[in-house]
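What follows is one structure encoded as structure tokens, with my remarks underneath.
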Amino acid sequence: MQIQFIDTAPSTVRLTARIVNQGDGLGDLDSALVDGAPAARFKGSAGQVFEGFAMDAGALKRIAIAGAGEPDATNRRLNVERAGAALTAKYLRSGEGELVLDLGRADLSGEEAASALLGVELRSWSYDQYRTKLAVDKQVSLKTVHVIGAPAGTQEAWEVQSALAKGVAFTKQLVTLPPNMLYPESFVALCEEAFAGTGAELTLLDDAAMEELGMGALLGVGQGSERPSRLLAIRWNGGKDGDKPSAFVGKGVTFDTGGISLKPPPGMEDMKWDMGGAGAVAGAMLALVSRKAKANIVGVVGLVENMPDGKAMRPGDVVTTMSGQTVEVLNTDAEGRLVLCDALHWTQEQFDPARIVDFATLTGAMIIALGNEHAGVFSNDDTLADQLLDAGKATGDKLWRLPIGPAYDKLIDSPIADIKNVGPRPAGSITAAQFLHRFIKNGTPWAHCDIAGTVWSDKPGHSWDKGATGYGVRLINDFVADNLE
Ligand code: BES
Ligand code: MN
Ligand code: ZN
């Protein structure tokens, strides 16, 4: 979407929109609209849109009014964002090519006005490249938003927030791409392109390098695939020299068939988004790097494809991880933790991070527990957990904390190796977290976010159409902004 700031609305544009607060009058508009809005039960609640028509100097104008809720609501910025997103949702494929957006009506600060634009921009992301027969009247039409009445500071705030939109779009792209196009090497290639010239430092490990380091768990998952595995680190030193970085680590299983413990066919196509953790980390890094965040951060993604073939791991295999701990692989479909344990260990060895947060579509049990509303967070550190929970509330990338502890940890002791990669059926998300915890060095604050339920959506949400949600980018961005900058 082209977002342009201008002083006066071009008279040639038919569609004009304004954002209003709940309870605001519409006094200056045509009486058909002033009376029509309440008649259509328009109250100005967040994300509500009313549309009417009016004649203006002999030309028909299409007029939209989007609600931003109560002006003093605690989640004001999210509400304003919803108003912007609701406008895009309504007009993206409406036939209108341009929209004039009046931001001068709801008593917004510059930051809040930029949030409206964030909503406009986020909701415009779509992926129609392979829909070659898409009817013309279903295609994206809205290309330009002319912003008028922007409060002081809007443009500066938008420069920062548009970096966030760029990161979310990158994540949505990675998550959406079909698995014949997105695999470990192509994931890396897209990152190399996205981060070129940004000042971020990329470190890439191929199979041979990982073999050398002893990453038997990550490589074990990839060994049944024709596609080689990769580990990619994206480093950004925007903070003080010598300050330890904070690390974000993502599960990047570009397709999860389950391996020899093969998944049933219905729904297996969903496992193209089993790289959603890696996608969130890559998108968040792009956002942080694009807005030149004043913090030292590193994003690490473990990239593999989990396939069954003659070389694939067998249930019962024992693998040795880079940490030296051995794992009995009882179920090759519990592969995410095998990828992450080596990625987490390497991250600690390589970067000595002050704290480490991982993101993974790790367990189906997470969806059973929390559905699609919250992702689960597990942590050995209350401060870190609270900081993440707060960032979740502020951004809408919501988290809910679940417990870990020694009694759960016992459930993954193996009779033949140090750990087994699955516990009993109960508490499946917790035992997965316990597995990861065994690879965190004593004392390092760590949190694990199981985002299995939030990466993909079967229905449109505030800032996404159905499909990839971009979950995690805003969470990480806010966490960094509030606690590390
Ligand atoms: N990627 C899946 C988890 C998943 C399932 C994410 C559905 C999103 C939607 C993960 O690799 C997996 O297969 N986990 C197993 C673990 C089990 C074998 C202990 C699961 O959840 O069934
Ligand atoms: Mn699996
Ligand atoms: Zn998986």
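Because the structure is a prediction, the values reported are computed rather than measured. Numbering of ligands and ligand atoms starts at 1, following listing order.
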Next item on the list: Return yes if a side-chain donor-acceptor contact under 3.5 Å exists between D418 and T326, otherwise no.
Entry: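 Judged by distance alone, the side chains do pair up.
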Next item on the list: Using only heavy-atom distances, determine whether the side chains of S124 and T88 contain a donor-acceptor pair under 3.5 Å.
Entry: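 The answer is no; no qualifying pair exists.
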Margin query: Are the side chains of R93 and S126 in contact, using a 4.5 Å heavy-atom criterion?
Written below: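 Of all side-chain heavy-atom pairs linking R93 with S126, at least one is under 4.5 Å.
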Next item on the list: Kindly indicate whether the side chain of N477, heavy atoms from C-beta on, has any atom under 4.5 Å from the side chain of R291.
Entry: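 A side-chain contact exists here, since the closest heavy-atom pair is under 4.5 Å.
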Next item on the list: Measuring from the Zn ion (ligand 3), name the closest N, O or S atom belonging to D274.
Entry: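 Within D274, restricted to N, O or S, the Zn ion (ligand 3) is closest to atom OD2.
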Ligand-residue contact atoms, ligand 1 with [X], heavy atoms, under 4.0 Å:
X: E335; value: 11 (O)
X: W273; value: 8 (C), 9 (C)
X: T363; value: 3 (C), 21 (O)
X: T361; value: 1 (N), 2 (C), 3 (C), 6 (C)
X: V422; value: 19 (C)
X: K251; value: 1 (N), 10 (C), 11 (O)

Next item on the list: Could you tell me the angle subtended at the Mn ion (ligand 2) by OD1 of D333 and OD2 of D256, rounded to 10°?
Entry: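 Nearest ten degrees: 100°.
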Margin query: As a quick check of understanding, evaluate ring pair (Phe, Tyr, Trp, His ring centres under 6.0 Å) for F439 and H345, giving each step before the final call.
Written below: CA-CA 6 Å; F439 295 85; H345 183 80; 7.6 Å; no
Taking both backbone and side-chain atoms of [X], is any N or O found less than 3.5 Å from an N or O belonging to ligand 1?
X: D256; result: yes
X: G364; result: yes
X: K263; result: yes

Checklist line | Metal-centred angle, NZ of K251 through the Zn ion (ligand 3) to OD2 of D256, rounded to 10 degrees | finding: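 Value, to the nearest 10 degrees: 170°.
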Note to self: For E185 and R227: C-alpha separation, side-chain torsions, deciding distance, then whether salt bridge (Lys or Arg N to Asp or Glu O under 4.0 Å) applies.
What the structure shows: CA-CA 8 Å; E185 290 168 294; R227 308 279 195 195; 5.5 Å; no
Check: Quick one: nearest non-hydrogen protein atom to atom 16 (C) of ligand 1, plus distance?
Finding: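 The closest one turns out to be R337 NH2, 3.9 Å.
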Check: In terms of residue, atom name and distance, what is the protein heavy atom nearest to atom 18 (C) of ligand 1?
Finding: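 That would be N331 ND2, 3.4 Å.
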Next item on the list: Might you check, step by step, whether the distance between atom 21 (O) of ligand 1 and some protein heavy atom is under 4.0 Å?
Entry: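 Within 4.0 Å of atom 21 (O) of ligand 1, protein heavy atoms are found.
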Item checked: Distance in Å, T431 OG1 paired with I419 CD1, rounded so as to fall on 0.5 Å steps ->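 Here the rounded value is 12.0 Å.
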Notebook entry, point to check: Charged N to carboxylate O below 4.0 Å: is that the case for K441 and E349?
Noted result: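 Here K441 pairs with E349 in a salt bridge, since their nearest N and O are under 4.0 Å apart.
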Margin query: With a 4.0 Å cut-off on N to O distance, would you call D128 and K138 a salt bridge?
Written below: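 No, no charged N to carboxylate O under 4.0 Å.
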Tell me whether [X] reaches ligand 1 (any heavy atom closer than 4.0 angstrom to a ligand atom).
X: D333; result: yes
X: M271; result: yes
X: L362; result: yes
X: M275; result: no

Checklist line | Under 3.5 Å donor-acceptor, D243 side chain and N296 backbone | finding: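 No, D243 side chain to N296 backbone: no donor-acceptor pair under 3.5 Å.
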Checklist line | Working for salt bridge (Lys or Arg N to Asp or Glu O under 4.0 Å), residues E335 and K251 | finding: CA-CA 10 Å; E335 85 298 339; K251 166 181 172 182; 3.1 Å; yes
Notebook entry, point to check: Knowing that exactly one of R76, R474, R123 qualifies, which makes a salt bridge (Lys or Arg N to Asp or Glu O under 4.0 Å) with E81?
Noted result: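 Answer to the salt bridge (Lys or Arg N to Asp or Glu O under 4.0 Å) test with E81 among R76, R474, R123: R474.
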Checklist line | D274 backbone or side-chain N/O/S under 2.8 Å from the Mn ion (ligand 2) | finding: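 Looking at D274, which is the residue asked about, there is no N, O or S atom under 2.8 Å from the Mn ion (ligand 2).
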Next item on the list: Look at the aromatic rings of H448 and F378 and report parallel, tilted or perpendicular, splitting at 30° and 60°.
Entry: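 The arrangement is parallel - the two ring planes meet at less than 30°.
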Next item on the list: Could you confirm whether E335 has any N/O/S atom lying under 2.8 Å from the Zn ion (ligand 3)?
Entry: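 Checking E335: at least one N, O or S atom is under 2.8 Å.
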Item checked: N/O/S from A334 sitting under 2.8 Å away from the Zn ion (ligand 3) ->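 Here the distance criterion (N, O or S atom, under 2.8 Å) is not met by A334, so no.
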Check: Taking just the N, O or S atoms of E335, which one is nearest to the Mn ion (ligand 2)?
Finding: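 In E335, the N, O or S atom with the shortest distance to the Mn ion (ligand 2) is OE1.
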Next item on the list: Start with the C-alpha gap between W346 and F351, add the side-chain angles, then the distance that decides, and say whether ring pair (Phe, Tyr, Trp, His ring centres under 6.0 Å) holds.
Entry: CA-CA 8 Å; W346 181 79; F351 300 108; 5.6 Å; yes
